[in-house]
**Student:** 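Sharing a structure with you now.
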Amino acid sequence: MKALFNSKFLQHNPDSDGEGPYRIEEFQGQTEEVEVNGEEYITLVHPESYRKKIYEACNDNSILAEVWLSPGSYDAACVAVGLTVLASQQNDFAVVRPPGHHAGTNREAGFCLFNNIAIATQKLVSEGKKVFILDIDGHHGNGTQSIFYNSNKVFFFSVHQIYAFPFSGFMDETGEGEGEGFTMNVPLFAGSGDMEFLAAVDMAIKKAEKFCPDVVAVSAGFDGYSKDRILGLNYSLNAFYECGYRVGKSFKNVFAVLEGGYHYDIKKCIDLFMEGINKSL
């Protein structure tokens, strides 16, 4: 597994001290840039009317999902989708902005415009594959959950802080219709650390092994880290190495995409997660 990056991500919402470029600027100059436009894939999940809404909002410098948008934001969002799809084909890690897992089919939220991992997953499903999505972001991946809530082709598992934005992801949310039993949430209390997090990861792996996925997709947010400025979880850096190692040891085809994490150690987190994956091979 290697990192995929593009400097266009640094032009999106450049002055933000929340979901800002500071999060991934260390990758510039240290990671080979990959140029790919994923605009054609957006409508695999989002209606064309929604894509146009985001495009127009970016050109109008509007504020959506708590983000000040610009034309550069749309370019970044399209590249983020493209890199995530490429990562899904190559078992790589897409280091992207804006993130995606709060975006629903027709709704932007929580810094997210297009749901990168859902788009890549839907492309895989349309090719006849079963996908296990492991969302380790400290916030619940409500957008991703909603998109696949009625599907038995995607097993969605989220471990996150309880009673935090977006105030969803409770244990009784398990899917509907054909998707009943294909959604699982493990909410953790603030202060939870490596032991609780890795126990949830182990549980996810056991459940997913019964699902027999063709591909594993990791929504890799790092706001569970003890230095995060928004959440109150207490994971160490080593937890992300262990997570990568355990997932990589259990499944053959694994890719990941960056979600949240609001601190200056994102690159360390990603590097350790990828090291865990690569050591497991």
**Student:** Does any part of the side chain of Ser88, heavy atoms only, come nearer than 4.5 Å to the side chain of Leu124, both counted from C-beta?
**Tutor:**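 Side chain of Leu124 against side chain of Ser88, heavy atoms only: contact under 4.5 Å found.
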**Student:** Taking the side chain as everything from C-beta on, heavy atoms only, tell me whether Phe157 gets closer than 4.5 Å to Val186.
**Tutor:** yes
**Student:** Would Lys130 pass as a cation-pi partner of Phe211, given that its NZ or CZ must be under 6.0 Å from the six-membered ring centre and within 45 degrees of the axis?
**Tutor:** yes
**Student:** For Tyr149, what residues pass the ring pair (Phe, Tyr, Trp, His ring centres under 6.0 Å) criterion, not counting sequence neighbours?
**Tutor:**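 Ring pair (Phe, Tyr, Trp, His ring centres under 6.0 Å) list for Tyr149, sorted by chain: empty.
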**Student:** Above 12 or not: heavy atoms from other molecules or residues under 6.0 Å from OH of Tyr55?
**Tutor:**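 Not buried by this count: 12 neighbours or fewer within 6.0 Å.
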**Student:** Is the distance between the ring centroids of Phe240 and Phe222 less than 6.0 Å?
**Tutor:** yes
**Student:** Using atom types as modelled and distance alone, determine if a side-chain donor or acceptor of Arg51 lies under 3.5 Å from a backbone N or O of Ile42.
**Tutor:**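 Not at all, since once roles are kept as given, no pair shorter than 3.5 Å links the two residues.
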**Student:** Say whether, by atom type as modelled, one donor and one acceptor occur between the side chain of Asn150 and the main chain of Glu178 under 3.5 angstrom.
**Tutor:** no
**Student:** Do Lys267's NZ or CZ and the ring of Phe27 fall within the cation-pi criteria of under 6.0 Å and 45°?
**Tutor:** yes
**Student:** Is it true that a side-chain atom of Asn115 and a backbone atom of Ala118 form a donor plus acceptor pair closer than 3.5 Å?
**Tutor:** yes
**Student:** Between Phe114 and His46, is the ring centre distance below 6.0 Å?
**Tutor:** yes
**Student:** Just checking, is any N or O donor in the side chain of Asn6 or Glu35 under 3.5 Å from an acceptor N or O on the other one?
**Tutor:** yes
**Student:** What's the shortest heavy-atom distance between Gly82 and Val36, and which atoms?
**Tutor:**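 Heavy atoms of Gly82 and Val36 come nearest at C-CG1, 3.6 Å.
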**Student:** Could you pull out the closest heavy-atom pair between Pro98 and Glu19, with the gap in Å?
**Tutor:**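 Scanning both residues completely, I find the closest heavy atoms to be CA-OE1, 4.1 Å.
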**Student:** Measure from the ring center of Phe197 to the ring center of Tyr235 and say whether it is less than 6.0 Å.
**Tutor:** yes
**Student:** Going through the distances and angles, do Lys252 and Val215 end up as a side chain to side chain contact (heavy atoms under 4.5 Å, CB included)?
**Tutor:** CA-CA 8 Å; Lys252 182 179 179 182; Val215 181; over 6 Å; no
**Student:** Quick check for you: to the nearest 0.5 Å, what is the distance between Ile117 atom CD1 and Ser219 atom OG?
**Tutor:** 3.5 Å
**Student:** Ring centres of Tyr262 and Phe111 under 6.0 Å apart?
**Tutor:** yes
**Student:** Would you say the side-chain atoms of Arg97 pair up with the backbone N or O of Ile24, donor to acceptor, closer than 3.5 Å?
**Tutor:**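 Not confirmed, Arg97 side chain does not pair with Ile24 backbone.
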**Student:** Between the side chain of Ser73 and the main-chain N/O of Ser70, is any donor-acceptor distance below 3.5 Å?
**Tutor:** yes
**Student:** In terms of side-chain geometry, is the basic nitrogen of Glu33 or Lys8 positioned less than 4.0 Å from the acidic oxygen of its partner?
**Tutor:** no
**Student:** Cluster partners of Trp68, using ILVMFWY side-chain heavy atoms under 4.5 angstrom, listed by chain and number?
**Tutor:**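 Noted: Trp68 shares its cluster with Ile63.
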**Student:** Using a 4.5 Å cut-off on heavy atoms from C-beta on, say whether the side chain of Val159 contacts that of Asp135.
**Tutor:**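 No, every pair of side-chain atoms sits at 4.5 Å or beyond.
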**Student:** Would you say Thr174 and Glu180 are linked by a side-chain donor-acceptor pair, where the criterion is simply a distance under 3.5 Å?
**Tutor:** yes
**Student:** Could you list who else is in Phe189's hydrophobic cluster, with ILVMFWY side chains joined at under 4.5 Å, directly or through other members?
**Tutor:** Ile162, Tyr163, Phe170
**Student:** What is the distance from atom CG of Leu69 to atom OG of Ser62, rounded to the nearest 0.5 Å?
**Tutor:** 6.5 Å
**Student:** Does a side-chain heavy-atom distance below 4.5 Å link Arg23 with Leu258?
**Tutor:** yes
**Student:** If you measure from CG on Leu272 to OG on Ser236, what distance do you get to the nearest 0.5 Å?
**Tutor:**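 OG of Ser236 is found 9.0 Å from CG of Leu272.
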**Student:** Ring centres of Phe156 and Phe182 under 6.0 Å apart?
**Tutor:** no
**Student:** When Glu108 is tested against each of Lys53, His102, Glu66 for side chain to side chain contact (heavy atoms under 4.5 Å, CB included), which residue passes?
**Tutor:** Lys53
**Student:** Could you tell me whether the side chain of Lys123 reaches within less than 4.5 Å of the side chain of Glu127, counting heavy atoms only?
**Tutor:** yes
**Student:** Within the side chain of Glu259, is there an N or O that forms a donor-acceptor pair under 3.5 Å with the backbone of Gly100?
**Tutor:** yes
**Student:** Report yes if the side chains of His101 and Val257 come closer than 4.5 Å at any heavy-atom pair, otherwise no.
**Tutor:** no
**Student:** Is a side-chain donor or acceptor of Asp228 paired with a backbone partner of Gly224 at a separation under 3.5 angstrom?
**Tutor:**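 No, because the side chain of Asp228 does not come within donor-acceptor range (under 3.5 Å) of the backbone of Gly224.
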**Student:** Measuring from Asn253:CG to Asn91:CG, what's the distance to the nearest 0.5 Å?
**Tutor:** 4.5 Å
**Student:** Can you name the residues that form a ring pair (Phe, Tyr, Trp, His ring centres under 6.0 Å) with Tyr245, not counting sequence neighbours?
**Tutor:**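 Ring pair (Phe, Tyr, Trp, His ring centres under 6.0 Å) check on Tyr245 returns nothing, list empty.
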**Student:** Starting from Ile136, can I reach Phe165 by hopping between I/L/V/M/F/W/Y residues whose side chains sit under 4.5 Å apart?
**Tutor:** no
**Student:** Got Tyr241 and Lys279 here, is their nearest side-chain heavy-atom distance under 4.5 Å?
**Tutor:**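 In contact.
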**Student:** So Phe93 and Phe255, ring-ring contact (aromatic ring centres under 6.0 Å, His included) or not? Walk me through it.
**Tutor:** CA-CA 6 Å; Phe93 194 121; Phe255 76 96; 9.7 Å; no
**Student:** Inspect the contact between Lys206 and Glu209 and indicate whether a charged nitrogen and a carboxylate oxygen are less than 4.0 angstrom apart.
**Tutor:**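 The answer is no: the pair does not qualify as a salt bridge.
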**Student:** Looking at every heavy atom in both Thr31 and Ala3, which two are closest together, and how far apart are they?
**Tutor:** CG2-O, 3.6 Å
**Student:** Considering non-hydrogen atoms only, spot the tightest contact between Asp223 and Leu231 and give its length.
**Tutor:** O-CB, 3.6 Å
**Student:** Could you report the tightest heavy-atom contact between Phe273 and Cys243, atom names first, then the distance?
**Tutor:** CE1-SG, 4.1 Å
**Student:** Is the side chain of Tyr225 donor-acceptor paired with the backbone N or O of Gly221 at a distance under 3.5 Å, no angle test?
**Tutor:**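 Not confirmed, Tyr225 side chain does not pair with Gly221 backbone.
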**Student:** Where is the tightest heavy-atom contact between Ala220 and Ala256, given as atom of each residue plus distance?
**Tutor:**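 Ala220 and Ala256 have their closest heavy atoms at CB-CB, 4.4 Å.
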**Student:** Does some side-chain heavy atom of Gln161 sit less than 4.5 Å from a side-chain heavy atom of His139?
**Tutor:** no
**Student:** Are Asn142 and Ser168 close enough that a side-chain donor and a side-chain acceptor fall under 3.5 Å?
**Tutor:**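 Distance-only check fails for Asn142 and Ser168.
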**Student:** To the nearest 0.5 angstrom, please state how far the SG atom of Cys58 sits from the CG atom of Asp75.
**Tutor:**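 That separation rounds to 8.5 Å.
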**Student:** Would the distance check show the side chain of Asn278 and the main-chain N or O of Met1 forming a donor-acceptor pair, the cut-off being under 3.5 Å?
**Tutor:**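 Yes; at least one donor-acceptor contact below 3.5 Å.
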**Student:** Please step through side chain to side chain contact (heavy atoms under 4.5 Å, CB included) for the pair Ser151 and Val125, ending with a clear verdict.
**Tutor:** CA-CA 10 Å; Ser151 175; Val125 169; 5.5 Å; no
**Student:** Under the side-chain contact (heavy atoms from CB on, under 4.5 Å) rule, collect the residues that match up with Ser16, sequence neighbours excluded.
**Tutor:**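 Residues passing side-chain contact (heavy atoms from CB on, under 4.5 Å) with Ser16: Asn13.
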**Student:** Please answer whether the main-chain N or O of Lys2 pairs with a side-chain N or O of Asp92 as donor and acceptor at a distance below 3.5 Å.
**Tutor:** yes
**Student:** Can you name the salt bridge (Lys or Arg N to Asp or Glu O under 4.0 Å) partners of Glu26, sequence neighbours left out?
**Tutor:**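 For Glu26, no residue satisfies salt bridge (Lys or Arg N to Asp or Glu O under 4.0 Å) once neighbours in sequence are set aside.
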**Student:** Do His160 and His140 have ring centres separated by under 6.0 Å?
**Tutor:** yes
**Student:** Nearest 0.5 Å, please: how far is CD in Gln30 from CG in Asp271?
**Tutor:**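 The distance works out to 8.5 Å.
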**Student:** Under 4.0 Å between a side-chain nitrogen and a carboxylate oxygen: does that hold for Glu242 and Arg246?
**Tutor:**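 Counted as a salt bridge, because a side-chain N and a carboxylate O are separated by less than 4.0 Å.
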**Student:** Please walk me through it: do Glu39 and Asn37 pass side chain to side chain donor-acceptor pair (under 3.5 Å)?
**Tutor:** CA-CA 6 Å; Glu39 186 177 41; Asn37 189 324; 4.8 Å; no
**Student:** Would you say Val95 ends up clustered with Tyr264 if hydrophobic residues are merged whenever their side chains have heavy atoms under 4.5 Å apart, either directly or through other cluster members?
**Tutor:** yes
